[in-house]
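Structure, as structure tokens:
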Amino acid sequence: SPSPSPSPSPAPAGGLAQRLLHNTAGDETPPEAEEQEQEPKTEGVRRASGDSDGGDGGGGGGRSESFAFYRDRKEWADIKPVPQDDGPHPVVQIAYSENFKDVYDYFRAVLKLDERSERALSLTTDAIELNAANYTVWHFRRVVLQSLKKDLNEELAYISEIIEDQPKNYQVWYHRQKIVEWLKDSSQELGFISGILEQDAKNYHAWQHRQWVIKEFNLWDNELEYVDQLLEEDVRNNSAWNQRFFVISNTTGFDDLAVLGREVEYTLKMIKRAPHNESAWNYLKGILQDQSLSKYPNLLQQILQLMEKPSSPYLIAFLIDMYEDFLENNCEEKEGTLNKALELCEQLAM
């Protein structure tokens, strides 16, 4: 089964402020695994993934007009194609091109026969070119690769090209994970993923794969330095904050007061650069979630020093949570603390 999702960003625990302030930061929501053979509806007609806007005789998915249909190939004469069965009354008629129907009719046939051959492998390549999001094609390709004992390094190079073209396709990343798992070789992974993240630093699938690789092959060394670099480039990179939490949680943890103090200091420094950045405030709340906010040394004083006009709503929300914690821990000046909290609530609600 696919690898587990990355740990979510350390969101604040429920508190008074959270009922007034919606959490808007976060990574991309992982798309559901796309297992169908079509793209979203367009103007009432759904076109098959990879199809061009030309007629049925045209290619699609990069095919040239000279593409030979499988039905016309002598070496495939022994195979009876299996047409797609959409039922007698399809809700939305899908405009499959002739090329698409031809490739997938023959793919369904070899799948039904469980044919594990070179030609079946080549057929999956054509099917993937038309629709790289089809789970069944990728699964069968892996079955054939293993049966034929193919060179997995060649397959890794193949999947690298597809990911570079479709970096947010769930299926291609999962296929890469399985190939790396079979190879037991992660030497190319961190460099490859870094290249993908240079294109989009918040690519959920790339981060998910990176976390799997690091955990599977124990590649924790230098990852925190990599995260530092990303946050220097973009302090609002929520994915990098999430990765920071992931790395420390799985290595030193936050129970060590020296580690916790270092992270609090680091986060406050980053907050000073961008007080309206919710990611850093979520991280600060996350690393202190097992601590009493009111008892952490000098935290209130440092937060109050960050107050400005107009103040960051995330700063105000954090202060409200701190005052709430003071009240829950029976502080001496209850009435004054409550009034400060209520005043901030009114300010936040404006």
Side-chain angles (χ1 to χ4, degrees), residues 6-13 15 17-18 21 23-27 190 193-194 197-198 200-204 206-208 210-211 214-215 218-308 311-323 325-326:
S7 58
S9 295
Q18 292 307 305
L21 179 67
N23 187 338
T24 57
D27 271 335
L190 295 185
I193 299 165
S194 295
L197 291 174
E198 285 178 6
D200 179 0
K202 301 177 183 180
N203 184 328
Y204 175 88
W207 281 112
Q208 181 184 43
R210 191 177 187 92
Q211 291 192 355
I214 289 172
K215 208 165 187 177
N218 196 29
L219 302 178
W220 303 102
D221 292 347
N222 304 319
E223 186 63 11
L224 201 56
E225 288 78 2
Y226 175 67
V227 171
D228 284 342
Q229 175 189 333
L230 292 181
L231 290 174
E232 283 295 324
E233 295 170 359
D234 178 12
V235 70
R236 292 177 174 81
N237 186 341
N238 190 61
S239 299
W241 284 106
N242 177 71
Q243 186 73 351
R244 189 177 192 91
F245 190 82
F246 169 78
V247 171
I248 296 175
S249 295
N250 285 278
T251 52
T252 61
F254 294 97
D255 291 336
D256 185 329
L257 293 180
V259 173
L260 181 62
R262 179 198 71 198
E263 289 304 297
V264 169
E265 182 180 348
Y266 175 85
T267 308
L268 289 173
K269 180 183 72 173
M270 290 302 194
I271 285 174
K272 289 176 182 177
R273 292 188 188 180
H276 291 263
N277 173 26
E278 186 177 10
S279 299
W281 286 106
N282 281 349
Y283 182 79
L284 182 61
K285 189 69 178 291
I287 64 178
L288 291 170
Q289 61 188 350
D290 294 328
Q291 302 280 328
S292 173
L293 294 179
S294 61
K295 294 179 181 178
Y296 190 85
N298 301 317
L299 182 60
L300 178 61
Q301 291 82 352
Q302 293 183 77
I303 298 299
L304 288 173
Q305 288 175 6
L306 296 173
M307 289 292 287
E308 58 181 25
S311 291
S312 161
Y314 310 114
L315 186 157
I316 296 173
F318 193 90
L319 266 178
I320 293 171
D321 287 337
M322 287 200 72
Y323 286 137
D325 193 70
F326 273 110

Distance (rounded to the nearest 0.5 Å) between K295 NZ and D325 CG: 8.0 Å

Parallel, tilted or perpendicular: rings of Y283 and F245 (30°, 60°): perpendicular

Donor-acceptor under 3.5 Å (T267 side chain, L284 main chain): no

Criterion side-chain contact (heavy atoms from CB on, under 4.5 Å) on F326 and L300, from CA distance to verdict: CA-CA 10 Å; F326 273 110; L300 178 61; 3.8 Å; yes

From L299 atom CG to L268 atom CG, the distance as rounded to the nearest 0.5 Å: 6.5 Å

W207 side chain vs A240 backbone, donor-acceptor pair below 3.5 Å: no

Check against side-chain contact (heavy atoms from CB on, under 4.5 Å), I193 and N203: CA-CA 10 Å; I193 299 165; N203 184 328; over 6 Å; no

For D221, side-chain contact (heavy atoms from CB on, under 4.5 Å) partners two or more places apart: none

Heavy-atom closest contact (S249 atom, F254 atom, distance): OG-CE1, 3.5 Å

From Y296 atom OH to Q302 atom CD, the distance as rounded to the nearest 0.5 Å: 8.0 Å

Gap separating the CD atom of Q243 from the CG atom of N237, nearest 0.5 angstrom: 10.0 Å

Closest non-hydrogen atom pair between W220 and V247, with its separation: CZ3-CA, 4.0 Å

Side-chain donor or acceptor of S311 paired with backbone N/O of M307 under 3.5 Å: no

E263 to I287 - nearest heavy-atom pair and separation: CB-CD1, 3.8 Å

Sequence-distant partners of R273, salt bridge (Lys or Arg N to Asp or Glu O under 4.0 Å), two or more places apart: E232

Over all atoms of both residues, closest heavy-atom pair of K202 and N238: CE-N, 4.3 Å

side-chain contact (heavy atoms from CB on, under 4.5 Å) partners of Q305, counting only residues at least two apart: none

Spatial distance of atom CH2 (W241) from atom CG (L231) [nearest 0.5 Å]: 5.5 Å

Chi angles and distances behind the side-chain contact (heavy atoms from CB on, under 4.5 Å) call for Q211, N250: CA-CA 11 Å; Q211 291 192 355; N250 285 278; over 6 Å; no

Those residues that, when tested against A274, pass side-chain contact (heavy atoms from CB on, under 4.5 Å) (two or more places apart): V235, R236, N277

Atom pair CD1 (I320) and CG (L315), whose distance is rounded to the nearest 0.5 Å: 10.0 Å

Y314 side chain reached by I271 side chain, heavy atoms, under 4.5 Å: no

Q291: partners by side-chain contact (heavy atoms from CB on, under 4.5 Å), with sequence neighbours left out: L260, L288

Salt bridge (Lys or Arg N to Asp or Glu O under 4.0 Å) against D256, all qualifying residues, sequence neighbours excluded: none

Considering all heavy atoms, the nearest S239-A201 contact: CB-O, 3.8 Å

E265, CD: over 12 other non-hydrogen atoms inside 6.0 angstrom: no

Sub-4.5 Å side-chain heavy-atom contact between K272 and L306: yes

Cationic tip of R210 above F246 ring, under 6.0 Å, 45° of axis: no

